[in-house]
Amino acid sequence: MNVKHPLRTHFERFVTVSDAEFERIQQRFKVKHLEKNSNAMLPGDSVNETFWVEEGLLISIYNDETGKEHILQFAIENCWITDQEAFYNQTTGSLTIKCLENATVWALSFDDRETLCDELPAMQKFFRKKANDSFVKQQRRLLTYLTSDAQQRLRLLMQEYPGLIQRVPKTILAAYLGVSRETLSRFKL
């Protein structure tokens, strides 16, 4: 039985790549093994990589000027995560990317991403489709956050990431939903 590489399977949800193309793609990535509770990125770091999660769970966190923690994103298997503003503008970041579980990620530098898009039309198409998908999800989350109560936000999260709530500490889940831990405890999970 010929089992496809998980990264190739991920790409082929959106585009078709040949064996030779996938070999070129794979050469541009670096595999990283991250330990639970470690940080893949900190505020002030130069952000030159985006990460595709093969295994594990990461979150992006923004700490406001009062020190309050805001969870922006969960990244489970087959998700991408980075400080997007810093990555695309090639500046220092403002987010923390933290591992909530041991993780295996595939890191792609900004330059390697640009090279892949220049050399392989399939990769340009892939990243365009992924960006569009991300824009839609961000808009849905923003609208839900603006117009819905916390229970509706929780339902959206559970639809988007089935099984996630069993993997995330309740304090982090509450921070993502914008509620207190006590409020979250009243919801049926």
Side-chain angles (χ1 to χ4, degrees), residues 5-11 13 25-116 126-127 130-131 133-134 137-138 141 145 153-154 156-158 160-181 184-185 189:
H5 190 283
L7 184 60
R8 184 171 182 175
T9 300
H10 176 68
F11 287 134
R13 288 178 48 223
I25 293 165
Q26 195 174 2
Q27 290 172 357
R28 296 284 178 175
F29 282 82
K30 293 180 195 154
V31 178
K32 293 186 175 188
H33 301 283
L34 306 172
E35 292 185 19
K36 181 178 180 175
N37 297 320
S38 68
N39 295 316
M41 194 176 293
L42 290 168
D45 286 353
S46 293
V47 178
N48 189 41
E49 293 178 317
T50 185
F51 305 107
W52 176 75
V53 182
E54 179 178 355
E55 183 177 16
L57 170 60
L58 292 85
I59 58 172
S60 60
I61 305 164
Y62 175 74
N63 289 304
D64 67 22
E65 51 285 334
T66 68
K68 184 176 178 184
E69 206 173 71
H70 302 275
I71 309 302
L72 302 179
Q73 179 189 355
F74 294 104
I76 59 173
E77 292 78 10
N78 289 311
C79 291
W80 291 81
I81 191 167
T82 192
D83 182 322
Q84 292 185 34
E85 180 179 7
F87 179 73
Y88 292 114
N89 292 323
Q90 289 295 273
T91 60
T92 57
S94 60
L95 303 180
T96 299
I97 307 290
K98 182 177 181 172
C99 299
L100 295 185
E101 298 174 352
N102 290 337
T104 301
V105 300
W106 290 71
L108 180 64
S109 74
F110 180 82
D111 290 340
D112 284 333
R113 182 187 182 278
E114 293 300 300
T115 298
L116 285 173
F126 170 80
F127 283 115
K130 285 300 294 176
D133 185 55
S134 179
K137 287 177 182 173
Q138 287 177 356
R141 178 169 183 229
Y145 194 83
R153 293 193 299 269
L154 177 61
L156 176 66
L157 179 66
M158 291 167 57
E160 189 70 37
Y161 300 100
L164 179 73
I165 62 171
Q166 287 79 27
R167 297 170 68 177
V168 177
K170 301 302 181 240
T171 52
I172 290 174
L173 189 57
Y176 180 83
L177 296 171
V179 299
S180 69
R181 172 71 176 88
L184 181 64
S185 68
L189 302 177

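Counting begins at 1 with the first residue of the sequence. Owing to the predicted nature of the structure, the values given are computational and were not obtained by experimental measurement.
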### Query
Roughly how far apart are L154 CG and I165 CD1, rounded to 0.5 Å?
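If I round to the nearest 0.5 Å, the distance is 6.0 Å.
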### Query
Could you give the distance from CG (L108) to CZ (F51), rounded to the nearest 0.5 Å?
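Here the rounded value is 10.5 Å.
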Look at the side chain of [X] and the backbone N and O of [Y], then say whether any donor-acceptor pair between them is shorter than 3.5 Å.
X: N102; Y: K36; result: yes
X: E77; Y: G56; result: yes
X: T115; Y: D111; result: yes
X: T104; Y: E54; result: no

Could you pull out the closest heavy-atom pair between [X] and [Y], with the gap in Å?
X: Y145; Y: G178; value: OH-CA, 4.0 Å
X: F29; Y: L116; value: CE1-CD1, 4.4 Å
X: N63; Y: G67; value: OD1-O, 3.8 Å
X: R141; Y: I71; value: NH2-O, 3.4 Å
X: K32; Y: A107; value: CE-CB, 4.0 Å
X: Q166; Y: G163; value: OE1-O, 3.0 Å

### Task
Output all residues satisfying ring pair (Phe, Tyr, Trp, His ring centres under 6.0 Å) with Y176, sequence neighbours left out; order by chain, then residue number.
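So Y176 forms a ring pair (Phe, Tyr, Trp, His ring centres under 6.0 Å) with F74.
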### Task
Answer with yes or no after comparing the ring centroid distance for H5 and W106 against a 6.0 Å cut-off, counting only values under it.
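So the answer is yes for these two rings.
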Under 3.5 Å, sequence neighbours excluded: what are the donor-acceptor pairs made by side chains of residues 85-100?
{"from": "N89", "atom 1": "ND2", "to": "E85", "atom 2": "O", "distance (Å)": "3.2"}
{"from": "Q90", "atom 1": "NE2", "to": "V47", "atom 2": "O", "distance (Å)": "3.2"}
{"from": "Q90", "atom 1": "NE2", "to": "F87", "atom 2": "O", "distance (Å)": "2.7"}

### Query
Between H70 and D64, do the side chains contain an N or O donor and an N or O acceptor separated by less than 3.5 Å?
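Distance-only check passes for H70 and D64.
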### Task
With side chain to side chain contact (heavy atoms under 4.5 Å, CB included) as the test, would you mind laying out the steps for I61 and L72 before giving the verdict?
CA-CA 6 Å; I61 305 164; L72 302 179; over 6 Å; no
#### Entry: Aromatic ring pairing F11/F127, orientation class (parallel under 30°, perpendicular over 60°, tilted between)
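Perpendicular.
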#### Entry: Student check: side-chain heavy atoms of Q138 and Q84 closer than 4.5 Å
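Yes, their side chains come closer than 4.5 Å.
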### Query
With a 4.0 Å cut-off, would you call E160 and R153 a salt bridge?
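Here E160 does not pair with R153 in a salt bridge, since their nearest N and O are not under 4.0 Å apart.
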